[in-house]
Amino acid sequence: MRIGTLKESYTADAALFDSRTQKLWLAIAAALLVLFPFMASDYWLYLACLVAIHVASATGLNILTGYTGLVSLGQAAFMGLGAYTVAILQTRWGTPFAFNLLAGGLVAMVGGVIVGIPSLRVKGLYLAIATIAASFIAHFLFANLKITGGTAGISMPPARMLGIDLDTSFRLYWLIVPVTVLMLLGAANLFRTRIGRAFIAIRDRDISAEVLGIPLLRYKLLSFGLSSFYAGIAGGLWAYFFRVVTPESFPLTMSIFFLAAIIVGGMGSILGGILGAVFMTMVPELLKLIVDLLPGGSELTVFLSPVRLIIFGGLIIAFLVFEPLGLAEMWRRVRRFFHLWPFRN
């Protein structure tokens, strides 16, 4: 039974998968992801696609806030940049979806770098306010530029893969989930490199990182760019999923949603971004299902909706108070318990 790890080289310490047990569980998870769409209903496939999009965006925000220590409330705006880029390319030129997603990520990346310029001079609450300002500017541009369709937005055709229209949740699942998995692997690999370690050094103590020779502005802008790139890809997937992009699709509350997701899941952890996005997406749906199962629940839905929001908000506050390290830390405790329980007195 594995109760510890022993690394004998830097290569072993930097390995992405460091044990057979971990590889086994990942193989099981991959198998479940492949089998899930053949067993699930359209409703659960819809939720799975939505969760995957949220996981991708939350992972990007975790790179910036969890690993680099830079607070941002502009994630929704960068998703909007990616979504509008994809919608414009798809409707005007009909370019392939892979090209559109990459272009959406790059456009959002440029926007993120621009927004990140003040990060060398301000941080914390002041940086958060700067990103909120960027969010309002983006919303104004989305609502007033002719190319974005104004307040009416843009309706777009479905993505096509191998000549097949991805116009159902089942078909979109095979686009959204693999892209999200690749993004998660990319983020996990990032923190095995000197770039990822520089991000962590800046988070822990930016002055000390600068003394060690890490150029703060370059790496802060790179962190903003990578985070926004993830948001742009997630926004592009969102556009293909809903096929209607409007200025109201990416409000400030969505940015707060993603910030809450990484706090609940656990900042500075890839697993935390996943668990937080799943929690923030699924708990309101589960509460809604519970209300519908109550006697007369369908008639009481309107009246019980505020109660569901209060319960949901209470759960988030409970995490902040009782488990500030989030769901990822709870999972690590469970793993440690089951690794050690046969030897407990």
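Worth saying up front: this structure is predicted, and the values here are computed from it rather than measured. Throughout, numbering of the chain's residues begins at 1 and tracks the sequence.
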Worksheet item: Backbone N or O of Ile202 within a donor-acceptor pair of the Asp206 side chain at under 3.5 Å?
Response: no
Practice prompt. State the CG-CG distance between Leu81 and Leu141, to the nearest 0.5 angstrom.
Written response: 8.5 Å
Fill in: Flag side-chain contact, heavy atom, 4.5 Å: Thr95 against Gln90
no
Worksheet item: Do you see a donor-acceptor pair shorter than 3.5 Å between the side chains of Tyr230 and Gln75?
Response: no
Worksheet entry | Leu33 and Tyr173, any side-chain heavy atoms less than 4.5 Å apart | yes
Item to complete: Check whether any side-chain heavy atom of Val86 sits under 4.5 Å from a side-chain heavy atom of Val245, and report yes or no.
Response: no
Worksheet item: Sequence neighbours excluded, which residues qualify as side chain to side chain donor-acceptor pair (under 3.5 Å) partners of Glu210?
Response: none
Fill in: Listed once per pair and sorted, the ring-ring contact (aromatic ring centres under 6.0 Å, His included) pairs that draw on residues 132-151, sequence neighbours left out
Tyr84-Phe142
Worksheet entry | Side chain to side chain, Arg160 and Ile164, heavy atoms closer than 4.5 Å | no
Fill in: Distance-minimising heavy-atom pair for Val113 and Gly225
CG2-CA, 4.0 Å
Fill in: Within-4.5 Å side-chain heavy-atom neighbours: Leu127 and Ser72
no
Worksheet item: Does Ser155 offer a backbone N or O that forms a donor-acceptor pair with the side chain of Arg243 under 3.5 Å?
Response: no
Worksheet item: Which pair of non-hydrogen atoms, one from Glu285 and one from Thr281, has the smallest distance, and what is that distance?
Response: CG-O, 3.6 Å
Practice prompt. Return yes when atom CE of Met330 has more than 12 non-hydrogen atoms of other residues, nucleotides or ligands closer than 6.0 Å, and no otherwise.
Written response: no
Fill in: Considering all heavy atoms, the nearest Gly80-Phe250 contact
CA-CD1, 3.6 Å
Worksheet item: Under the 3.5 angstrom rule, does the side chain of Arg205 hit a backbone N or O of Ser208 as a donor-acceptor pair?
Response: no
Discussion item. Minimum heavy-atom separation for Ala108 and Gly82, please, with both atom names.
Written reply: CB-N, 4.4 Å
Worksheet item: If only atom types and distance count, is the side chain of Ser57 paired as donor or acceptor with the main-chain N or O of His54 below 3.5 Å?
Response: no
Practice prompt. Report yes or no: do Ile114 and Ile132 belong to one cluster of Ile/Leu/Val/Met/Phe/Trp/Tyr joined by side chain heavy-atom distances under 4.5 Å?
Written response: no
Fill in: Side-chain donor or acceptor of Thr65 paired with backbone N/O of Leu70 under 3.5 Å
yes
Worksheet entry | Side-chain touch Ser223/Tyr67, heavy atoms, less than 4.5 angstrom | no
Worksheet item: Can you hop from Leu216 to Val115 via hydrophobic side chains spaced under 4.5 Å?
Response: yes
Discussion item. If I take atom CZ from residue Phe241 and atom SG from residue Cys49, how far apart are they, to the nearest 0.5 angstrom?
Written reply: 5.0 Å
Practice prompt. For residues Ile176 and Tyr240, determine if any side-chain heavy atom of one lies less than 4.5 Å from a side-chain heavy atom of the other.
Written response: no
Fill in: Inter-residue atom distance Leu325.CG - Ile263.CD1, 0.5 Å rounding
12.0 Å
Practice prompt. Would you check, one step at a time, whether the test side-chain contact (heavy atoms from CB on, under 4.5 Å) holds for Thr91 with Ile154?
Written response: CA-CA 8 Å; Thr91 54; Ile154 301 174; 3.8 Å; yes
Worksheet entry | Residue pairs, two or more places apart or on separate chains, that pass salt bridge (Lys or Arg N to Asp or Glu O under 4.0 Å) and touch residues 59-79 | none
Item to complete: Establish whether Leu102 and Val110 are linked, either directly or via other cluster members, by ILVMFWY side-chain heavy-atom contacts under 4.5 Å.
Response: no
Fill in: Exam field: side chain Thr131 to backbone Leu73, donor-acceptor pair closer than 3.5 Å
yes
Worksheet entry | Sequence-distant partners of Arg171, salt bridge (Lys or Arg N to Asp or Glu O under 4.0 Å), two or more places apart | Asp167
Item to complete: Over all heavy atoms of both residues, which pair between Ser135 and Leu252 is shortest? Give the atoms and the distance, please.
Response: OG-CD1, 4.4 Å
Practice prompt. Please name the residue in the list Val51, Ile274, Val55, Ile233 that meets the side-chain contact (heavy atoms from CB on, under 4.5 Å) test with Thr180.
Written response: Val55
Fill in: For Ser255, side chain to side chain donor-acceptor pair (under 3.5 Å) partners two or more places apart
none
Worksheet item: Okay, side chain of Asn62, backbone of Ser269: is any donor-acceptor separation there less than 3.5 Å?
Response: yes
Practice prompt. State plainly whether one hydrophobic cluster holds both Val177 and Leu35, where clusters connect Ile, Leu, Val, Met, Phe, Trp and Tyr through side-chain heavy atoms under 4.5 angstrom apart.
Written response: no
Worksheet item: Residues in side chain to side chain donor-acceptor pair (under 3.5 Å) with Ser169, at least two apart?
Response: none
Practice prompt. Output the distance between atom CG (Leu237) and atom CE (Met79), rounded to the nearest 0.5 Å.
Written response: 8.5 Å
Response to the item:
Output for pair (Ile88 CD1, Ile147 CD1), nearest 0.5 Å, gives 4.0 Å
Item to complete: Check step by step if side-chain contact (heavy atoms from CB on, under 4.5 Å) holds for Thr246 and Thr151.
Response: CA-CA 6 Å; Thr246 68; Thr151 55; over 6 Å; no
Worksheet item: In terms of hydrophobic clusters joined by side-chain contacts under 4.5 Å, are Met156 and Leu145 together?
Response: yes
Worksheet item: Out of curiosity, Phe191 CZ to Arg197 CZ, how far, rounded to the nearest 0.5 Å?
Response: 11.0 Å
Fill in: Check: Trp44 ring centre within less than 6.0 Å of Phe36 ring centre
no
Item to complete: Could you tell me whether a side-chain N or O of Thr193 sits under 3.5 Å from a main-chain N or O of Leu190, the two making a donor and an acceptor?
Response: yes
Worksheet item: Looking only at heavy atoms, which two atoms of Ala58 and Gly273 are closest? And how far apart?
Response: CB-O, 3.9 Å
Fill in: Check: Gly105 main-chain N/O paired with Thr85 side-chain donor or acceptor under 3.5 Å
no
Discussion item. Is the ring pair Trp174/Phe38 parallel, tilted or perpendicular, if the boundaries are 30 and 60 degrees?
Written reply: tilted
Fill in: Donor-acceptor under 3.5 Å (Ser227 side chain, Phe224 main chain)
no
